[in-house]
Enquirer: 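My questions will all concern the structure given below.
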2 protein chains.
Amino acid sequence: MPSSRPLRADARRNREALLAAAREAFLADDDAHVEEIARRAGVAVGTLYRHFETREALVAEVYRQEVAELCATPARLLAQHAPDEALRTFLLLLVEHAAVGRGMGEALESIMATDSPVFDDARDEMARALDELLAAGVAADLVRSGINGRIVLRALGGICGMRAKGWKDDALRIATILYDGLRYGAANHG
Amino acid sequence: MPSSRPLRADARRNREALLAAAREAFLADDDAHVEEIARRAGVAVGTLYRHFETREALVAEVYRQEVAELCATPARLLAQHAPDEALRTFLLLLVEHAAVGRGMGEALESIMATDSPVFDDARDEMARALDELLAAGVAADLVRSGINGRIVLRALGGICGMRAKGWKDDALRIATILYDGLRYGAANHG
DNA sequence: CACACAAACGGAATCCGACTCACCTTATGG
DNA sequence: CCATAAGGTGAGTCGGATTCCGTTTGTGTG
């Protein structure tokens with residue numbers, strides 16, 4: 001029994017307010033100090049820490065929700081496009097998504113680059129989503145085999161972690177290069 | 001006249017000791033707090049800060065020295081291999097180089113991902129080294145045009161910033177994918 | 001409705017790094 | 001050998017995350 005009681009009403013409210021405040025803060029870039037997030041949510045830091053082990057845990061949870069949304073898209077893309085096109089679109093989408101703000105970018109990077117168990121679920125979900133696209137591409141001989149979602153994810157995590165001014169343009173170009181690289185080894189590339 | 005006097009003897013000694021201690025500390029991974037680095041060098045933190053503006057500046061300087069070495073290699077590689085092979089080798093070499101330790105990995109990431117003028121020189125040098133390889137590849141129609149060293153560098157910086165357990169294998173695979181992606185757009189690929 | 005009390009909250013205090021500064025020490029060149 | 005400016009020291013400040021415990025409040029009894 002992981003969750004003993006169903007959380008008191010005010011507690012649930014605060015938890016949600018904190019997540020909303022954090023998301024907002026990250027989108028706005030604000031360096032998003034814990035105090036600031038708590039203030040936005042109308043609670044004290046102590047409350048924040050009652051709900052989230054550490055600042056990172058909060059970041060992770062916010063991102064996990066975003067990730068859950070993203071992970072639903074491969075299926076939709078595959079229904080509408082050829083596997084390679086779906087893959088390309090998704091890679092670009094990931095970059096766009098990382099662009100929602102630097103706060104998010106850092107969170108993404110953390111999620112991708114850390115071994116902390118906290119991030120395992122999100123990473124697995126994303127990797128699975130990418131696997132779906134890669135497998136479809138491989139099955140259609142449009143994408144090289146021998147690559148799994150986890151690896152591509154790491155590359156993207158690295159790319160999206162970039163913080164320099166023109167990062168987004170560069171990230172998009174690199175995503176394209178990755179995409180071409182992934183197609184390159186396929187049976188009927190060219 | 002940027003450097004007024006030639007530095008007092010003890011000052012130069014301490015400066016070098018600090019750089020050596022920092023390099024050592026980074027290689028050993030130790031989280032390398034400033035106090036720790038100063039201690040290893042046998043000086044006080046104040047001395048460290050007399051020589052280096054910030055902790056990052058010290059990191060950057062250590063890395064700049066490493067970078068200078070790396071930047072000499074493209075010319076050598078081009079003398080011995082075809083441009084595309086030289087490029088491939090250099091990309092893999094960069095990953096190996098980042099592998100000297102996590103401390104270094106972080107430094108590399110900082111250098112690649114930051115706009116801070118502190119890192120401009122190192123970044124420019126590396127970008128120039130890569131440009132050299134890319135230009136040779138483009139001239140021989142072995143590499144796509146329209147890509148510059150700065151972009152590739154960012155991708156690698158992101159990749160090498162990964163901190164998870166199996167990062168190196170993944171980084172090598174990704175470097176290969178990037179390489180294939182770079183060749184893909186060339187006139188006579190295939 | 002009032003009570004009991006565990007759950008939740010607040011926010012001052014603590015901790016942990018990087019970084020600073022007022023004061024001492026010592027090369028150096030005259 | 002002295003004057004003096006370059007250099008060194010390390011306790012202290014500062015900015016952030018995190019903790020702790022006294023106070024408040026939702027909730028399920030009677």
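Numbers restart at 1 for each chain; the letters A, B, ... are given by sequence-line order, proteins then strands. For clarity, every value in this text was computed on a predicted model and none was experimentally measured.
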Enquirer: Starting at the 5' end of DNA chain C, which residue's closest nucleotide do you reach first, E53(B) or A11(A)?
Expert: A11(A)
Enquirer: Could you tell me how far apart R39(A) (CZ) and dC9(C) (C1') are, to the nearest whole angstrom?
Expert: 18 Å
Enquirer: Is it true that R128(A) and E125(A) make a salt bridge, defined as a side-chain N closer than 4.0 Å to a carboxylate O?
Expert: no
Enquirer: For R76(A), enumerate each residue passing the side-chain hydrogen bond (donor to acceptor under 3.5 Å, both in side chains) test, keeping only those at least two apart in sequence or located in another chain.
Expert: none
Enquirer: In whole angstrom, give the distance that lies between atom CZ of R55(B) and atom P of dC16(C).
Expert: 17 Å
Enquirer: Can we say D124(A) and R150(A) salt-bridge, meaning some charged N sits less than 4.0 Å from an Asp/Glu carboxylate O?
Expert: no
Enquirer: Between protein and nucleotides 25-30 of chain D, map the contacts as a letter string: B base, S sugar-phosphate only, - none, heavy atoms under 4.0 Å, written 5' to 3'.
Expert: BSS---
Enquirer: Charged N to carboxylate O below 4.0 Å: is that the case for E16(A) and R12(A)?
Expert: no
Enquirer: In this structure, how many angstroms lie between the C1' atom of dA6(D) and the CZ atom of R12(B), rounded?
Expert: 13 Å
Enquirer: Applying side-chain hydrogen bond (donor to acceptor under 3.5 Å, both in side chains), name anything that partners N148(B), two or more places apart in sequence or on another chain.
Expert: none
Enquirer: Rounded to whole Å, please give me the gap between CD in E35(A) and P in dC14(D).
Expert: 17 Å
Enquirer: With sequence neighbours left out, what residues match D84(B) under salt bridge (charged side-chain N to carboxylate O under 4.0 Å, His left out)?
Expert: R183(B)
Enquirer: Over how many whole Å does the gap from N14(A) atom CG to dA7(C) atom C1' extend?
Expert: 12 Å
Enquirer: Check each residue of residues 43-52 of chain A for a non-hydrogen atom within less than 4.0 Å of any atom in DNA chain C, then write out the ones that pass by number, or none.
Expert: V43(A), A44(A), V45(A), G46(A), T47(A), R50(A), H51(A)
Enquirer: Taking all non-hydrogen atoms of both residues, which atom of T54(B) and which atom of Y49(B) are closest, and how far apart?
Expert: CA-CE2, 4.0 Å
Enquirer: Which residues satisfy the salt bridge (charged side-chain N to carboxylate O under 4.0 Å, His left out) test with R15(A), sequence neighbours excluded?
Expert: none
